[in-house]
Every structure is written in C-alpha cells, then in structure tokens.
Amino acid sequence: MIDPKLLRQSADDVAANLARRGFEFDVDEWRAHEEIRKSAQMQTEALRAERNSSARKVGAAKARGEDVAGLLASVKDLGDQLQAAEEQLQKAQFALQSIELGLPNLLLDDVPDGFDESANCEVLKWGTPRTFEFETRDHVDIGAGLGLLDFDAASRISGSRFAVLHGPLARLQRALIQFMLDVHTAEHGYSETYVPYLVQSQALMGTGQLPKFGADLFKTDNETPFYLIPTAEVPVTNLLRDTIVEADVLPLKYVAHTPCFRSEAGSYGKDTRGMIRQHQFEKVELVQLVAATESSDALEALTGHAEVILQRLELPYRKVILCAGDIGFGSSKTYDLEVWLPGQNAYREISSCSNYRDFQSRRMGARWRNPESGKPELLHTLNGSGVAAGRALVAVMENYQQADGSISVPAALQPYMAGQKSIRKN
RNA sequence: GGAGAGGUGGCAGAGUGGUCGAAUGUACCUGACUCGAAAUCAGGAGUACCGUUACCGGUACCGUGGGUUCGAAUCCCACCCUCUCCGCCA
C-alpha cells in the first residue's frame with residue numbers, strides 16, 4: 001500500500017510514477033472519495049464527541065439523583081445522525097481502501113522504462129554456456145531417457161503441470177535444497193524457518209497477492225478458506241504482522257524451503273513442456289526485514305546471496321533489472337536471475353529478488369522502534385528466490401548432461417549425494 | 001469430535017452498565033539521593049487516525065463481528081483462538 005499521507009499530499013506525482021508501469025490511477029475518482037471521507041470523518045467524530053459528553057452528563061445527573069428526562073430528550077436525534085454519518089464514513093473508507101489496495105508500489109528512479117521483458121536491462125553475465133560436442137537434449141528427454149522423470153504418471157494422478165521424480169533425480173532436487181539452505185544459513189546469516197503452507201486471506205493481503213490476484217491461487221472450500229502458499233514469502237514475511245520489534249533484532253533474515261502452489265491461470269499454452277511451469281514446485285526463499293535506510297543495500301546483498309548458489313553450481317546466468325512494465329505489483333525494484341538452459345537455448349528466470357520497501361509492511365503493520373525517535377516505524381521488506389529448486393534441477397540436468405544420456409553431479413552437490421558423481425541409467 | 005475453563009496495555013493481573021484508555025504489581029524511560037551502582041523517592045510512558053500544528057483538542061481500540069442502551073471492557077447473539085480432560089491420530 002502506498003502511504004496515504006503521500007497520496008493526499010501529491011496524488012498526481014504518485015499517478016505519474018504508476019503510469020510508468022502502464023497503470024492508470026484515476027486521481028479524480030480517488031480525490032472525490034477522499035473528500036467525502038474527510039468531511040464524514042470530521043462529522044462522525046464531532047457527533048461522537050457530543051454523544052460522549054452528553055452521556056457523561058446523564059450519568060452525572062443520575063448520580064446526583066436528578067431528573068434526566070430533559071437531557072435524554074435533547075440527545076434524541078443524535079443517534080440517528082451519528083448512524084447516518086458513520087454509514088457514510090464507512091462507505092467512503094471502503095471505497096478508498098479498495099482503490100488503495102489495488103495500487104501497485106511506487107517504482108524507484110533507477111528502474112528502467114519499458115512495457116515488457118524486452119526492455120529489461122542486463123546488468124551482468126556470469127559464466128560461459130558450455131559448448132556441446134553432441135546434440136543436446138532438454139530435461140524432459142534426459143529425464144525420460146534415465147527413466148527418472150515421469151509426466152504421464154503425474155498427469156494420471158493430478159493432471160497437467162505436475163511431475164513425478166524418481167530415485168537419484170528426486171534425491172538431486174533434495175540435494176539442491178539442502179545445499180542452498182546450508183549456504184544461506186552458514187555463510188549468509190539467514191535463519192532457517194519452517195512455516196505453514198496453508199494461510200488465510202489476511203496474510204495474502206499483507207504481502208499483496210490479495211485482493212487483486214486471487215485467481216493465481218489455490219483455495220480450499222472451508223468456511224474460512226485456506227490458500228496454498230504461492231511462495232514462502234507469504235508466511236515468512238507475515239511473521240512480523242502486527243508487531244513492533246526492537247532495533248537490535250534487525251536486520252531479520254529468514255530462509256525457508258517450501259513447496260509453492262500456483263494455479264497458473266491464464267498461462268495456457270505457455271511452457272507446457274517439462275517442469276518449467278508447474279502447479280507445485282520447490283523453492284528456497286530468502287526474506288529480509290530491515291530499517292528503511294538499509295533496504296537498498298539489502299537488495300544488492302540478497303541478490304548476491306542467490307547468485308552465489310548459481311556460481312557454486314557453476315551454472316551460467318545473467319542478472320537483469322526488470323523494467324517498469326515487467327516488474328511485480330508490490331515491488332519497487334526487482335532483479336531477476338536467469339539461468340542458461342541449453343535445452344531451450346535461452347536464459348530463463350530462476351530467481352526474482354525484490355525490494356518492497358514499506359509496501360507490504362504498511363499492509364500488515366510490521367514495524368520496528370527507532371531508538372532515535374522512540375517511535376514505531378515501518379520496516380522495509382525484501383525477498384528473493386535463493387533459488388527455485390525445480391528450475392535449478394532443470395538447469396543442472398541440461399547443463400550437466402553427457403553424450404551417453406547421463407547427468408554429472410555438480411561438485412557442490414556431491415556431498416549431498418553420498419559422493420555420487422553421476423546419474424546414469426541403472 | 002465430546003466436556004469444561006478462559007481471552008484486558010511488554011508481562012502479570014483487577015475491573016459485571018456512568019470522568020475506565022482502563023486500578024495495582026512488574027519491566028521500561030527521566031530526574032533526585034550516590035564517587036558509581038543497588039535500594040528508595042518523584043515524575044513519565046500504549047497504538048492508530050482527524051483537526052491545529054507553539055501548545056493542544058477530538059475519535060477509535062479490553063479476541064473478532066453484530067446487537068441492546070442516552071452511555072458497553074462490563075449485558076445479549078454469532079464466530080475465532082488458547083488451555084485442561086476424554087476420544088482419535090503422525
């Protein structure tokens with residue numbers, strides 16, 4: 001959510017910033033609701049003050065044993081007036097809230113202009129894609145050739161966009177997850193966290209998936225429904241919901257491995273082959289909660305932590321900064337890491353690292369107490385994949401494939417595979 | 001799933017219709033005493049919003065949402081959560 005004070009002060013500047021994303025903020029409509037809200041609030045509070053003081057007078061008079069009939073008559077209409085004012089206020093607040101919850105975050109100045117991914121700016125290229133002296137295959141063929149990756153069975157069980165892994169391939173994914181968790185906890189100072197995979201709507205409201213993007217989520221049919229988390233960002237960031245922490249606990253750095261569930265509504269026909277885009281995938285997520293002054297540096301550091309994983313796995317990647325039209329709803333600035341996939345002859349997203357600044361923390365009331373002012377201030381929240389395990393598995397399979405159909409195990413993962421150096425048929 | 005108890009400020013814990021945003025204790029901050037600290041004494045201190053912005057005034061918040069009332073932490077209804085016992089289960 002954008003700071004309502006900033007909105008009142010300079011709605012036009014906000015609209016100009018959001019327009020860079022291609023988002024149209026109807027300032028006049030918002031302003032009309034805001035004016036009604038303001039007058040309704042002042043009126044409501046004045047009427048309440050009147051009610052409160054007259055109620056006190058009635059009480060005092062009764063305590064003295066005086067007749068209160070006159071007093072009661074004088075406040076006869078107050079209730080109706082108050083009720084009308086409250087209803088008007090409530091309506092205006094609801095209208096404002098639904099507008100404000102639908103506004104994306106303000107972009108930082110260094111986010112490049114552009115409408116889609118073609119305008120994203122490459123800031124770094126790491127590693128050199130390997131040259132193969134044989135015809136490369138994609139992970140689907142490699143996995144099928146080894147008999148370790150089965151989409152047919154998955155579709156019999158659950159339909160499309162699911163995968164079944166067997167044996168050493170399943171273990172390789174587990175090895176990737178373990179490796180990532182170990183690096184982030186031991187070397188990057190993150191605290192390992194286990195969190196619920198089912199959350200309620202207010203958590204998703206806090207991180208910004210709701211109210212706008214409910215169609216992307218799986219939802220249970222309980223009376224108060226649960227949602228399956230689309231990313232660990234949701235439960236982990238919400239750890240700080242409605243709390244005020246002391247300065248000495250900052251920065252808070254969490255790492256969590258969770259499965260992620262996405263309905264992928266509207267992505268029909270996109271990435272239908274293989275396990276690039278699944279309803280269920282594994283991800284190791286990095287989340288930081290920091291003081292406002294620290295978030296810019298924290299984004300660079302967090303992105304670097306994800307990069308280390310790709311570097312240790314010796315997977316070529318590039319780092320891009322997302323342009324105004326491609327960046328996510330709640331982010332003020334995002335770096336994507338794209339890993340080289342020989343099977344697609346392309347770089348594909350494997351991590352997305354974003355600085356949400358106070359956008360999420362305002363929605364969920366995540367604050368810290370600034371010792372300088374003694375006052376609670378909103379935290380800045382950041383998160384990034386460190387990295388997506390399913391796609392990392394694809395990247396390892398394709399980059400480490402051998403002419404005989406086997407897969408070499410990256411050196412960094414061998415300790416997690418009981419020293420196994422290669423995955424081959426039988 | 002069944003039975004019972006309970007949700008009040010950082011914590012503990014009073015408060016069953018009228019200056020209760022809320023006693024008291026404790027933790028916290030400031031000052032006094034002290035060489036310093038402890039102890040003691042005095043004072044301060046919740047969160048958010050609105051108006052004024054020197055000071056200050058107002059509103060809301062006692063699990064959540066409704067209701068009754070001139071007036072609700074207190075009464076009524078629904079829901080949520082926690083704890084104990086039983087059942088079931090990993």
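In the text below, chain A, chain B and the rest are named by the order of the sequence lines, each starting its count at 1.
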**Q** What is the distance, rounded to the nearest whole Å, between atom CD of E246(A) and atom P of C11(B)?
**A**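 Interatomic distance, CD of E246(A) to P of C11(B): 13 Å.
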**Q** Both P376(A) and V58(A) contact RNA chain B. Taking the nearest nucleotide for each, which residue is further toward the 5' end?
**A**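 This one resolves to P376(A).
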**Q** If the C1' atom of A78(B) is compared with that of U68(B), how far apart are they to the nearest Å?
**A**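 The answer is 15 Å between these two C1' atoms.
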**Q** Give one of base, sugar-phosphate or nothing for R367(A), where a contact means two heavy atoms less than 4.0 Å apart.
**A**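 The answer is sugar-phosphate, as R367(A) gets under 4.0 Å only of primed atoms, P, OP1 or OP2.
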**Q** Measure from CG on L47(A) to P on C70(B) and round the result to the nearest Å.
**A**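 The distance from CG of L47(A) to P of C70(B) comes to 16 Å, rounded to the nearest Å.
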**Q** Take the protein atom NZ of K5(A) and the nucleotide atom P of U53(B), then report the distance between them rounded to whole Å.
**A**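 Result: 17 Å.
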**Q** Verify the neighbour count for atom CG of D110(A): are there more than 12 heavy atoms of other residues, nucleotides or ligands below 6.0 Å?
**A**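 Above 12, so yes.
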**Q** Go nucleotide by nucleotide along RNA chain B from the 5' end; which of G79(A) and Q200(A) gets its closest nucleotide reached first?
**A**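 The 5'-side residue here is G79(A).
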**Q** Contact class for K62(A) (heavy atom, under 4.0 Å): base, sugar-phosphate, or nothing?
**A**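 Base, at least one base heavy atom under 4.0 Å.
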**Q** Can you give the donor-acceptor pairs under 3.5 Å from side chains of residues 81-90 of chain A to other protein atoms, not counting sequence neighbours?
**A**
unit_1 : atom_1 : unit_2 : atom_2 : d
E86(A) : OE2    : R48(A) : NE     : 3.1
E86(A) : OE2    : R48(A) : NH2    : 3.0

**Q** Distance alone, cut at 3.5 Å: any donor-acceptor contact between the side chains of E285(A) and Y254(A)?
**A**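 Side-chain D/A pair, E285(A) to Y254(A): absent.
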**Q** With F281(A) as reference, evaluate R262(A), R391(A), M275(A) under the side-chain contact (heavy atoms from CB on, under 4.5 Å) test and give the passing residue.
**A**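 Only match with F281(A) under side-chain contact (heavy atoms from CB on, under 4.5 Å): R262(A).
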**Q** Counting heavy atoms from C-beta on, name the nucleotide in G66(B), C70(B), U47(B) closest to the side chain of Q90(A).
**A**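 The nucleotide sitting nearest to the side chain is G66(B).
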**Q** Between F329(A) and F359(A), does the ring centre distance come in under 6.0 Å?
**A**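 Yes; F359(A) has its ring centre under 6.0 Å from that of F329(A).
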**Q** Can you tell me, in whole Å, how much space there is between the P of U59(B) and that of G10(B)?
**A**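 These two P atoms come out 23 Å apart once rounded.
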**Q** If I pick the P atom on G2(B) and the same atom on U8(B), what distance separates them, to the nearest angstrom?
**A**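 Taking atom P in both U8(B) and G2(B), they lie 25 Å apart.
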**Q** Between G44(B) and C50(B), how far apart are the P atoms? Round to whole Å, please.
**A**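 These two P atoms come out 28 Å apart once rounded.
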**Q** Could you label the plane-to-plane angle of the H188(A) and Y190(A) rings as parallel, tilted or perpendicular, counting under 30° as parallel and over 60° as perpendicular?
**A**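 It falls in the perpendicular class, over 60°.
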**Q** Just by distance, no angles: are the side chains of E233(A) and T207(A) close enough, under 3.5 Å, to form a donor-acceptor pair?
**A**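 Note: E233(A) and T207(A) side chains miss the donor-acceptor criterion.
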**Q** Roughly how far apart, to the nearest Å, are G43(B) and A23(B) at atom P?
**A**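 The same atom, P, in both gives a distance of 15 Å.
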**Q** Round to a whole Å and report the spacing from CG of L78(A) to P of U69(B).
**A**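 Interatomic distance, CG of L78(A) to P of U69(B): 15 Å.
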**Q** Determine the interatomic distance between C1' on C29(B) and the same-named atom on C35(B); round to the nearest Å.
**A**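 One C1' to the other, the span is 24 Å.
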**Q** Which stems does RNA chain B form, counting runs of 3 or more consecutive Watson-Crick or G-U wobble pairs with both distances under 3.5 Å?
**A**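 Ordered by first number, the stems with RNA chain B (at least 3 consecutive pairs each) read B:1-7 with B:80-86, B:10-12 with B:24-26, B:28-32 with B:40-44, B:46-51 with B:56-61, B:63-67 with B:75-79.
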**Q** Would you say that more than 12 heavy atoms from the other residues, nucleotides or ligands in this model lie under 6.0 Å from the CD of E117(A), or not?
**A**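 Open: at most 12 neighbouring heavy atoms sit under 6.0 Å from CD of E117(A).
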**Q** If I pick the C1' atom on G25(B) and the same atom on U19(B), what distance separates them, to the nearest angstrom?
**A**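 Approximately 24 Å lies between the C1' atom of U19(B) and that of G25(B).
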**Q** Any side-chain N or O of K38(A) below 4.0 angstrom from OP1/OP2 of G51(B)?
**A**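 Checking G51(B) against K38(A), a side-chain N or O does come within under 4.0 Å of OP1 or OP2.
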**Q** Between E294(A) and Q288(A), is there a side-chain donor-acceptor contact under 3.5 Å, judged purely by atom types and distance?
**A**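 No, no side-chain donor-acceptor contact under 3.5 Å.
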**Q** Using the C1' atom in both, what is the distance from G21(B) to G46(B), to the nearest Å?
**A**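 Their C1' atoms lie roughly 9 Å apart.
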**Q** Which of parallel (below 30°), tilted (30 to 60°) and perpendicular (above 60°) describes H279(A) and F162(A)?
**A**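 Ring orientation of H279(A) relative to F162(A): tilted.
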**Q** Below 3.5 Å between N/O atoms, which protein atoms pair up with nucleotides 59-61 of chain B? Just atom names and distances, please.
**A**
unit_1 : atom_1 : unit_2 : atom_2 : d
U59(B) : OP1    : N52(A) : ND2    : 3.2
U59(B) : O2'    : R48(A) : NH1    : 3.0
A60(B) : OP1    : R51(A) : NH2    : 3.1

